[in-house]
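Structure first, then comments.
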Amino acid sequence: MSNSWTRHIISDRSASPSSERGPVPIELFVMSKCPDKVDCEQVFSKVLEQVQVPVSVDINYIARANASEPLQFECKHGPTECLGNIQELCFKETYPDISDFYSFDLCLNEEYASIGEGNGLARECAHRLGKHYEPVKTCASTPHGIELLARSVERTQSLGVEKSCTVYINNKLRCIHDETWKHCDGGHKVADFVRTIEEAYNT
């Protein structure tokens with residue numbers, strides 16, 4: 001991925017404490033094996049390349065608690081999706097820089113039907129990014145990984161989000177991609193999302 005967008009994230013981290021404006025939060029609510037997630041994250045990779053103000057990015061997951069399931073959660077696309085969700089969360093915790101975890105997700109999306117089918121695809125994507133996969137594997141195979149998913153699902157449910165991919169910008173519902181873009185006041189093109197973010201920062 002281009003580094004053109006990462007500088008806006010990194011520059012915010014080193015901003016002086018006296019800075020009045022924080023980064024504009026972007027939140028994506030997804031299911032790891034959902035084709036709508038693939039389309040949505042691809043669009044936002046372009047948004048992040050073009051936006052000219054500091055932003056933060058968070059990705060949370062849609063699932064339901066179910067103690068009878070191996071990973072304690074029920075996911076729409078099956079148990080492998082639950083593991084895929086956890087792998088993405090564990091990678092993000094291990095490598096929290098947006099340029100790392102977002103690139104990892106985009107790599108997985110190239111073969112999204114294979115997400116969570118063991119560790120092969122996740123390991124391959126980690127290696128492609130020059131990252132060690134073993135800490136991620138350890139996280140995903142322990143109760144800590146399930147705890148990360150529980151926290152993520154709690155955030156999703158706190159907003160009543162049910163559709164993958166749901167987009168929040170500046171703590172407001174901005175758009176939903178459910179086969180097509182829906183409920184997108186302000187438009188759903190890359191330039192429209194960029195404008196929303198920059199207006200939020202400059203208001």
Side-chain angles (χ1 to χ4, degrees), residues 1-3 5-6 9-10 13 25-45 48 55-158 161 164-167 177:
M1 290 184 69
S2 166
N3 286 329
W5 51 269
T6 63
I9 318 293
I10 295 168
R13 289 178 177 171
I26 301 169
E27 292 183 272
L28 307 180
F29 298 90
V30 302
M31 305 172 188
S32 61
K33 299 186 75 160
C34 177
D36 291 295
K37 175 235 195 190
V38 175
D39 293 340
C40 186
E41 290 187 341
Q42 185 60 39
V43 167
F44 271 84
S45 71
L48 293 171
V55 299
S56 63
V57 178
D58 199 13
I59 301 174
N60 285 300
Y61 296 85
I62 299 166
R64 287 189 291 181
N66 186 338
S68 67
E69 292 289 331
L71 295 174
Q72 307 298 305
F73 281 87
E74 180 180 343
C75 296
K76 181 176 181 179
H77 301 93
T80 56
E81 179 169 79
C82 289
L83 178 56
N85 295 346
I86 291 171
Q87 288 172 336
E88 292 182 6
L89 287 164
C90 285
F91 192 93
K92 179 182 175 183
E93 181 177 72
T94 306
Y95 304 107
D97 194 296
I98 177 62
S99 62
D100 292 329
F101 77 77
Y102 203 92
S103 295
F104 178 75
D105 287 8
L106 291 178
C107 178
L108 294 179
N109 289 349
E110 293 175 13
E111 299 181 45
Y112 71 91
S114 298
I115 289 174
E117 303 281 353
N119 288 288
L121 178 59
R123 179 181 287 108
E124 178 185 338
C125 286
H127 288 173
R128 190 190 299 185
L129 296 170
K131 302 298 181 183
H132 295 291
Y133 182 68
E134 287 309 308
V136 180
K137 180 182 177 182
T138 298
C139 168
S141 61
T142 63
H144 182 62
I146 296 174
E147 180 184 348
L148 291 179
L149 181 56
R151 290 182 205 162
S152 180
V153 170
E154 181 179 8
R155 171 61 179 166
T156 302
Q157 293 179 343
S158 74
V161 171
S164 171
C165 165
T166 295
V167 178
H177 194 290

In Å and rounded to the nearest 0.5 Å, what is the [atom1] to [atom2] distance from [X] to [Y]?
X	Y	atom1	atom2	answer
His132	Lys137	NE2	NZ	15.0 Å
Asn60	Asp58	CG	CG	4.5 Å
Phe44	Ile59	CZ	CD1	11.0 Å
Cys82	Gln72	SG	CD	10.0 Å
Thr166	His177	OG1	NE2	11.5 Å
Ser56	Ile26	OG	CD1	7.0 Å

For the backbone of [Y] and the side chain of [X], can you confirm whether one donor and one acceptor N or O come within less than 3.5 Å of each other?
X	Y	result
Glu69	Arg64	no
Tyr95	Phe104	no
Ser152	Leu149	no
Lys33	Ser114	no
Ser45	Gln42	yes
Thr156	Tyr61	yes

What pair of heavy atoms forms the shortest contact from [X] to [Y], and how long is it?
X	Y	result
Thr94	Cys90	OG1-O, 2.8 Å
Arg128	Cys107	CZ-SG, 3.5 Å
Gln87	Gly118	NE2-O, 3.1 Å
Lys131	Phe91	CG-CZ, 4.0 Å
Ala140	Leu83	O-CD1, 4.3 Å
Ile62	Ser164	CD1-N, 3.6 Å

Report yes if some heavy atom in the side chain of [X] is under 4.5 Å from a heavy atom in the side chain of [Y]; otherwise report no.
X	Y	answer
His144	Glu147	yes
Phe101	Pro96	no
Lys76	Cys34	no
Asp39	Cys165	no
Ile115	Thr80	no

Any side-chain donor-acceptor pair under 3.5 Å between Lys37 and Ser32?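 Note: Lys37 and Ser32 side chains miss the donor-acceptor criterion.
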Do Glu41 and Tyr102 pair up side chain to side chain, a donor and an acceptor below 3.5 Å, judged on atom types alone?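 Side chains of Glu41 and Tyr102: no pair found under 3.5 Å.
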For Ile86, the option from Ile146, Thr142, Leu148 that meets side chain to side chain contact (heavy atoms under 4.5 Å, CB included):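 That would be Ile146; it is the only one of Ile146, Thr142, Leu148 passing the side chain to side chain contact (heavy atoms under 4.5 Å, CB included) with Ile86.
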Side-chain ion pair, Glu88 and Lys92, N-O less than 4.0 Å: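 No.
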Around [X], counting heavy atoms of other residues, nucleotides and ligands shown, do more than 12 lie under 6.0 Å from its [atom1]?
X	atom1	answer
His127	NE2	yes
Arg151	CZ	yes
Glu117	CD	yes

Show your reasoning for whether side chain to side chain contact (heavy atoms under 4.5 Å, CB included) applies to Phe73 and Val153. CA-CA 10 Å; Phe73 281 87; Val153 170; 4.0 Å; yes
